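Note that the coordinates shown come from a computational prediction; the quantities given were computed from them, not determined experimentally. Just so you know, residue 1 is the first one in the sequence shown, and it goes up from there.
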Amino acid sequence: MKYISLLGATGSIGTQTLDIIRSNPEQFKLAAMSAGRNLDLTRKIIEEFKPELVSVQGREHCAALRQEYSHLNIQFTYSEEGLVETACYPKADIVVNAVIGSVGLDPTLQAIEAKKDIAIANKETLVTAGHLVMKAAEENKVRLLPVDSEHSAIFQALQGENEKNIDNLIITASGGSFRDRTREELKNVSVEDALNHPNWSMGAKITIDSATMMNKGLEVIEAHWLYQIPYDRIKVLLHRESIIHSMVEFHDSSIMAQLGTPDMRVPIQYALTYPDRIPFPSAKRLKLAEIGKLHFEEMDFKRFPCLQYAYDAGRAGGTMPTVLNAANEAAVAGFLERKIGFLEIETMIEKALNRHTPISNPSLDIIREADAETRQFIRSIS
């Protein structure tokens with residue numbers, strides 16, 4: 001039995017992780033969980049899985065749930081401290097970090113210090129503080145197991161391989177909701193249009209990031225840290241079908257690719273069972289003859305400037321990726337709240353990057369300061 005601490009239980013990755021736990025009760029047990037504002041779903045999870053620790057965002061919600069479930073032996077907590085407590089829950093064998101945004105950074109670092117393996121779906125943790133996270137993981141001999149389909153694909157393609165033989169990492173991108181629209185056609189798109197992803201079922205923020213291609217930019221920075229590969233050797237390839245999730249090109253010209261139907265539960269389960277695999281009977285099997293053709297295109301960086309911003313920020317290093325991420329989070333929030341237009345997301349990110357002078361090898365406190373200052377700047381111009 002593997003005991004799981006799940007951060008972000010009510011989100012897209014969180015609920016799909018619960019699907020895996022539900023389908024494999026002899027393998028997994030939910031020991032601790034954190035949730036956001038979705039109390040109705042939180043209650044359903046508590047009643048079905050009966051975790052030992054539950055963290056929510058606010059004190060009032062915590063008090064209400066504590067009273068409501070006083071007949072169960074459950075500890076309730078709240079706020080960012082509760083998130084850290086959940087991440088470090090002593091009984092947990094592995095922490096699934098499925099929260100959205102840079103709020104996932106501190107719990108990840110604390111869990112690593114507590115020597116917990118991390119199944120990481122939170123891109124922002126490595127984007128904002130990759131140097132700190134990787135150093136802490138190495139010092140504490142902790143495994144960072146990728147949950148993103150792209151990074152899981154690379155991870156799987158590298159099994160049994162020597163990383164010194166890697167030539168390039170090739171990350172595939174579906175193109176998002178607006179891949180067939182011109183920039184002129186993007187001026188007046190709605191939130192509903194942007195949330196209509198052609199292939200994947202994801203949360204709102206990640207779906208918007210997919211439409212701007214910032215999602216892929218964050219994945220490039222994440223891949224740089226996970227696999228210690230220079231940015232010039234991390235490529236992005238447009239692949240509409242989302243069948244090949246990523247590839248590794250070796251210096252003998254061989255390419256290893258991981259394929260599968262678009263289902264986030266597959267990489268989640270692999271992270272939870274690694275280095276083993278267990279059956280997944282409900283997964284839709286890939287039948288290549290039915291698909292017939294797969295399509296690939298070079299990325300157009302002028303069409304998707306956010307991808308260029310991510311490469312530039314990654315190469316600049318220091319606090320620049322923190323600013324990139326914070327500006328993006330704040331701008332996407334503004335778009336989802338209908339305060340700004342879709343194309344203003346990239347405009348605001350560019351303004352934030354242009355005004356920032358990066359600080360090399362930043363401490364956690366400096367990262368937090370850069371993050372907070374950038375968010376305030378974006379809010380001031382929204």
Asker: Can you tell if the side chain of Met214 reaches within under 4.5 Å of the side chain of Phe304, non-hydrogen atoms only?
Answerer: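 Not in contact.
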Asker: Tell me whether Lys302 is salt-bridged to Asp300, with the criterion being a basic N under 4.0 Å from an acidic carboxylate O.
Answerer: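 Asp300 and Lys302: not salt-bridged.
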Asker: What pairs of donor and acceptor atoms, side-chain ones from residues 162-172 against any protein atom, are under 3.5 angstrom apart with sequence neighbours left out?
Answerer:
| residue | atom | partner | partner atom | Å |
| --- | --- | --- | --- | --- |
| Asn162 | OD1 | Lys164 | N | 3.1 |
| Asn165 | OD1 | His251 | NE2 | 3.1 |
| Asn168 | ND2 | Glu249 | OE1 | 3.1 |
| Thr172 | OG1 | Ile244 | O | 2.7 |
| Thr172 | OG1 | His245 | O | 2.9 |

Asker: How are the rings of Tyr231 and Tyr311 set relative to one another: parallel (under 30°), tilted (30 to 60°) or perpendicular (over 60°)?
Answerer: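 Rings of Tyr231 and Tyr311: perpendicular, as their planes differ by over 60°.
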Asker: Could you check Asp93 against Lys116 for salt bridge (charged side-chain N to carboxylate O under 4.0 Å, His left out), going step by step and ending with a plain yes or no?
Answerer: CA-CA 6 Å; Asp93 299 302; Lys116 306 287 185 185; over 6 Å; no
Asker: I'd like to know if Ile45 and Val95 are part of one continuous hydrophobic network [Ile/Leu/Val/Met/Phe/Trp/Tyr, side-chain heavy atoms within less than 4.5 Å].
Answerer: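 Result: yes, single cluster for both.
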Asker: Does Phe342 have its ring centroid less than 6.0 Å away from the ring centroid of Phe178?
Answerer: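 Yes: the rings meet the under 6.0 Å criterion.
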Asker: Should the pair Glu138-Lys135 be classified as a salt bridge under the 4.0 Å nitrogen-to-oxygen rule?
Answerer: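 Lys135 and Glu138: not salt-bridged.
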Asker: Can you check whether Tyr89 and Tyr3 have ring centres sitting under 6.0 Å from each other?
Answerer: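 Here the rings of Tyr3 and Tyr89 have centres that are no less than 6.0 Å from each other.
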Asker: With salt bridge (charged side-chain N to carboxylate O under 4.0 Å, His left out) as the test, would you mind laying out the steps for Glu344 and Lys187 before giving the verdict?
Answerer: CA-CA 9 Å; Glu344 289 179 274; Lys187 288 181 178 178; over 6 Å; no
Asker: Under a plain distance cut-off of 3.5 Å, with no hydrogens placed, do Gln159 and Tyr274 share a side-chain donor-acceptor pair?
Answerer: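 Side-chain D/A pair, Tyr274 to Gln159: present.
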Asker: Between Glu298 and Arg303, is there a side-chain N and carboxylate O pair less than 4.0 Å apart?
Answerer: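 Result for this pair is no, no salt bridge flagged.
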Asker: Salt bridge (charged side-chain N to carboxylate O under 4.0 Å, His left out) for Asp40 and Lys44? Distances and angles first, verdict last.
Answerer: CA-CA 7 Å; Asp40 288 342; Lys44 290 178 181 177; over 6 Å; no
Asker: Looking at Glu26 and Lys2, does any basic side-chain N land under 4.0 Å from a carboxylate oxygen?
Answerer: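 Not counted as a salt bridge, because no side-chain N and carboxylate O are separated by less than 4.0 Å.
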Asker: Regarding Arg355 and the six-membered ring of Phe377, is the cationic atom NZ or CZ under 6.0 Å from the ring centre and inside 45° of its axis?
Answerer: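 Yes, Arg355 lies over the aromatic ring of Phe377.
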Asker: Do any side-chain atoms of residues 282-296 form donor-acceptor pairs under 3.5 angstrom with protein atoms, and if so which ones, sequence neighbours left out?
Answerer:
| residue | atom | partner | partner atom | Å |
| --- | --- | --- | --- | --- |
| His295 | ND1 | Glu241 | OE2 | 2.5 |

Asker: Going by the angle between their ring planes, with limits at 30° and 60°, are Tyr69 and Phe76 parallel, tilted or perpendicular?
Answerer: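 Taking Phe76 first and then Tyr69, their aromatic rings lie parallel (interplane angle under 30°).
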Asker: Return yes if some donor-acceptor pair links the side-chain N/O of Thr128 with the main-chain N/O of Ser102 below 3.5 Å, else return no.
Answerer: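 Side chain of Thr128 to backbone of Ser102, a donor-acceptor pair under 3.5 Å: no, none is there.
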Asker: Is any NZ, NE, NH1 or NH2 atom of the basic residue among Arg43 and Glu48 found under 4.0 Å from an Asp or Glu carboxylate oxygen of the other?
Answerer: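 Answer for the salt bridge query: no.
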Asker: Any salt bridge linking Asp365 with Arg368? Criterion: basic side-chain nitrogen under 4.0 Å from a carboxylate oxygen.
Answerer: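 Counted as a salt bridge, because a side-chain N and a carboxylate O are separated by less than 4.0 Å.
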Asker: So does Lys123 pair up with Asp209, basic N to acidic O under 4.0 Å?
Answerer: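 So Lys123 does not pair with Asp209 through a salt bridge.
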Asker: Just by distance, no angles: are the side chains of Ser254 and Asp252 close enough, under 3.5 Å, to form a donor-acceptor pair?
Answerer: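 Ser254 vs Asp252: donor-acceptor pair found between side chains.
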Asker: Do Asn196 and Glu192 have side-chain N/O donor and acceptor atoms under 3.5 Å apart?
Answerer: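 On atom types as modelled, these side chains do not qualify, holding no pair under 3.5 Å.
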Asker: When you check the side-chain N and O atoms of Thr125 and Asn122, is any donor under 3.5 Å from an acceptor?
Answerer: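 The answer is yes; a qualifying pair exists.
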Asker: Does any pair with a residue in residues 7-35 pass ring-ring contact (aromatic ring centres under 6.0 Å, His included), and if so which ones, sequence neighbours excluded?
Answerer: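 Qualifying pairs, neighbours excluded: none.
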